[in-house]
Asks: 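Quick one: the structure is below, and I'll ask about it shortly.
Just so we're on the same page: letters track the sequence lines, and every chain starts at 1. Note that the structure is predicted; figures quoted are calculated from it, not measured.
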Protein chains: 2
Amino acid sequence: MGRWEPNARGRLADAALDLYIERGYEQTTVAEIARRAGLTERTFFRHFADKREVLFGGSDALREHLVDAVTGAPESAAPIDAIAAAVESVGVLFQERRESALRRQAVIAANAELLERELIKLAALSAALAGALRRRGVPEPAASLAAEAGIAVFKISFERWIGDPGEPDLSRLVRESFHELKAVTAGA
Amino acid sequence: MGRWEPNARGRLADAALDLYIERGYEQTTVAEIARRAGLTERTFFRHFADKREVLFGGSDALREHLVDAVTGAPESAAPIDAIAAAVESVGVLFQERRESALRRQAVIAANAELLERELIKLAALSAALAGALRRRGVPEPAASLAAEAGIAVFKISFERWIGDPGEPDLSRLVRESFHELKAVTAGA
DNA sequence: ACCCTGATGACAGTCGCTGACATCGGTGCT
DNA sequence: AGCACCGATGTCAGCGACTGTCATCAGGGT
């Protein structure tokens with residue numbers, strides 16, 4: 001066995017989420033997180049850029065998943081449909097971890113700093129989607145508009161999914177919201 | 001005359017923007033800002049919640065302007081058209097202060113923390129727009145979708161306006177982007 | 001045996017931000 | 001005039017997030 005307990009990063013992330021739920025984000029110090037994980041404060045900052053980032057470990061994988069989905073959409077698919085398919089497929093991922101998503105989102109929604117971080121992660125997803133569309137030959141500003149629309153749909157669908165205990169199907173909400181968006185933007 | 005120089009808040013905001021431009025946001029300490037304004041660090045934090053907020057003083061007025069525009073739109077206007085008119089009218093406001101907007105945006109774009117703050121301000125605008133639509137009888141999720149779409153259009157139009165020295169007309173960019181959004185969401 | 005690498009600890013220091021209390025012109029009341 | 005009060009600011013102490021730097025030391029390769 002190694003010199004240290006394995007998976008320091010994971011232990012830090014678990015300890016952080018637990019403490020954020022127990023006492024709230026602001027009332028938790030990084031030193032406490034590190035102590036619960038059996039490490040020091042300095043080591044926390046070697047694994048995470050700051051106290052918020054510990055909650056957003058999965059966002060890189062999410063971005064890759066979205067980009068792959070757009071890239072892999074049939075060539076014939078319209079930009080908005082490639083985006084819709086990608087966002088819908090993300091819905092399936094979250095459905096498998098609803099409880100975990102609920103806990104995490106409760107912490108984030110309770111704190112403005114964490115909301116800011118969440119928003120910039122969503123903006124990064126939007127930028128990545130727009131890039132994937134451009135690589136498919138979609139010009140600007142259509143690429144960015146389709147990407148932003150997709151992220152907006154996801155954001156709204158996700159909020160509804162989190163807020164409604166009786167709704168297990170995030171993908172369905174995403175599909176409905178896209179449909180609703182088409183109706184809304186069609187105008188009068 | 002009063003006991004102190006007038007307009008402490010304005011002096012602080014001016015000093016902050018100047019220093020952020022001169023040395024960069026991170027390289028500027030709050031103590032330096034306060035000193036340049038002839039005040040103390042403690043007084044800075046009595047006027048602004050944190051070091052970033054000093055750049056976002058106008059966002060309340062902007063929110064009120066948008067809400068008023070949506071509220072004042074003709075009853076017959078479709079939700080997306082009420083939003084479009086509101087966002088377009090904001091374009092006019094910015095056109096009058098293009099130089100100031102350019103300086104401010106250069107600082108914000110150079111720093112991730114400031115970008116986060118900007119995004120949460122935009123999210124607040126979106127929430128306010130959605131609320132104004134709901135008061136007009138627009139149900140959810142249509143209200144939030146239209147509001148998010150409007151903010152997305154504004155964001156993209158604003159970026160293009162800032163980035164293109166030869167384009168003086170932000171309102172026109174907004175109008176074109178709305179048109180483009182309709183085309184994009186119409187799908188294949 | 002040897003060295004080297006990589007994850008961690010230890011420690012000092014900067015800076016954002018807050019709470020508590022003091023200061024003192026200006027304002028209004030008597 | 002005299003006085004009490006108010007409100008914007010100053011002063012000071014302190015916490016906690018984050019960083020730079022150097023030390024430590026098991027494990028792997030040579």
Side-chain angles (χ1 to χ4, degrees), chain A residues 1-57 107-108 110-118 120-121, chain B residues 1-57 107-108 110-118 120-121:
Chain A
M1 55 172 274
R3 182 177 178 187
W4 300 282
E5 295 298 309
N7 194 24
R9 187 185 175 90
R11 273 152 50 216
L12 285 166
D14 291 344
L17 181 56
D18 288 349
L19 284 168
Y20 292 170
I21 290 172
E22 282 175 29
R23 322 189 182 168
Y25 170 80
E26 284 175 3
Q27 285 66 45
T28 302
T29 71
V30 174
E32 286 169 344
I33 298 169
R35 190 150 34 82
R36 179 170 294 204
L39 295 164
T40 65
E41 188 182 5
R42 191 66 183 86
T43 297
F44 177 95
F45 287 109
R46 287 199 179 95
H47 286 278
F48 301 99
D50 59 48
K51 192 185 166 188
R52 310 173 214 172
E53 196 64 18
V54 67
L55 287 176
F56 297 88
V107 172
I108 293 175
N111 184 272
E113 285 182 43
L114 294 173
L115 269 175
E116 289 187 350
R117 180 57 51 87
E118 169 123 310
I120 211 169
K121 295 293 182 184
Chain B
M1 56 173 275
R3 184 177 176 187
W4 300 281
E5 295 298 309
N7 194 23
R9 187 184 175 91
R11 273 152 50 215
L12 286 166
D14 291 345
L17 181 56
D18 288 349
L19 284 169
Y20 292 170
I21 290 173
E22 282 176 27
R23 322 189 182 169
Y25 170 80
E26 285 175 1
Q27 286 67 45
T28 303
T29 70
V30 174
E32 287 169 344
I33 298 169
R35 187 151 37 80
R36 179 170 293 204
L39 296 163
T40 64
E41 186 182 7
R42 191 66 184 86
T43 297
F44 177 94
F45 286 109
R46 288 199 178 95
H47 286 277
F48 301 99
D50 59 48
K51 192 185 166 188
R52 309 173 214 173
E53 197 64 18
V54 68
L55 287 177
F56 297 88
V107 172
I108 292 175
N111 183 274
E113 285 182 43
L114 294 173
L115 269 176
E116 289 187 350
R117 181 56 51 86
E118 168 124 310
I120 211 169
K121 295 292 183 186

Asks: Is there any salt bridge (Lys or Arg N to Asp or Glu O under 4.0 Å) pair reaching into residues 8-18 of chain B, and which pairs are they, with sequence neighbours excluded?
Replies: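 Salt bridge (Lys or Arg N to Asp or Glu O under 4.0 Å) check on residues 8-18 of chain B returns Asp18(B)-Arg103(B).
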Asks: What is the separation between atom NZ on Lys51(B) and atom P on dC15(C), rounded to the nearest whole Å?
Replies: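 Lys51(B) atom NZ is separated from dC15(C) atom P by 9 Å.
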Asks: For the pair made of CD in Glu5(B) and P in dT9(D), what is the distance, rounded to whole Å?
Replies: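 Taking CD of Glu5(B) and P of dT9(D), I get 11 Å after rounding.
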Asks: Mind checking what makes ring-ring contact (aromatic ring centres under 6.0 Å, His included) contact with Phe48(B), not counting sequence neighbours?
Replies: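 In terms of ring-ring contact (aromatic ring centres under 6.0 Å, His included), with neighbours along the sequence ignored, Phe48(B) is linked to Phe44(B).
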Asks: Take the protein atom CZ of Arg9(B) and the nucleotide atom C1' of dG7(D), then report the distance between them rounded to whole Å.
Replies: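 Atom-to-atom, Arg9(B) to dG7(D), this comes out as 16 Å.
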Asks: Quick one, which residues of residues 18-47 of chain A touch DNA chain D with a heavy atom under 4.0 Å?
Replies: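 Nucleic-acid contacts, sorted: Thr28(A), Thr29(A), Val30(A), Glu41(A), Arg42(A), Phe45(A), Arg46(A).
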Asks: If you measure from the Lys or Arg side-chain nitrogens to the Asp or Glu carboxylate oxygens, is any gap between Arg46(A) and Glu41(A) under 4.0 Å?
Replies: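 Salt bridge flag = no for Glu41(A) with Arg46(A).
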Asks: Name all pairs fulfilling the salt bridge (Lys or Arg N to Asp or Glu O under 4.0 Å) condition that reach into residues 27-36 of chain B, sequence neighbours left out, sorted by first residue then second.
Replies: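 Listed once each, the pairs are Glu22(B)-Arg36(B), Arg23(B)-Glu32(B).
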Asks: List for me each residue that meets salt bridge (Lys or Arg N to Asp or Glu O under 4.0 Å) alongside Arg42(B), sequence neighbours excluded, and say none if there are none.
Replies: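 None.
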Asks: Among pairs that include at least one residue of residues 7-27 of chain A, which meet ring-ring contact (aromatic ring centres under 6.0 Å, His included), considering only residues two or more places apart or in two chains?
Replies: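 Of all non-adjacent pairs touching residues 7-27 of chain A, those that pass ring-ring contact (aromatic ring centres under 6.0 Å, His included) are Tyr20(A)-Tyr25(A).
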Asks: Write down the distance between CG (Leu12(B)) and P (dC17(C)), rounded to a whole number of angstrom.
Replies: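 Rounding to the nearest Å, CG of Leu12(B) and P of dC17(C) are 14 Å apart.
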Asks: Check the distance between dG16(D)'s P and Asp50(A)'s CG and give it to me in whole angstrom.
Replies: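 It is 18 Å, rounded to the nearest whole Å.
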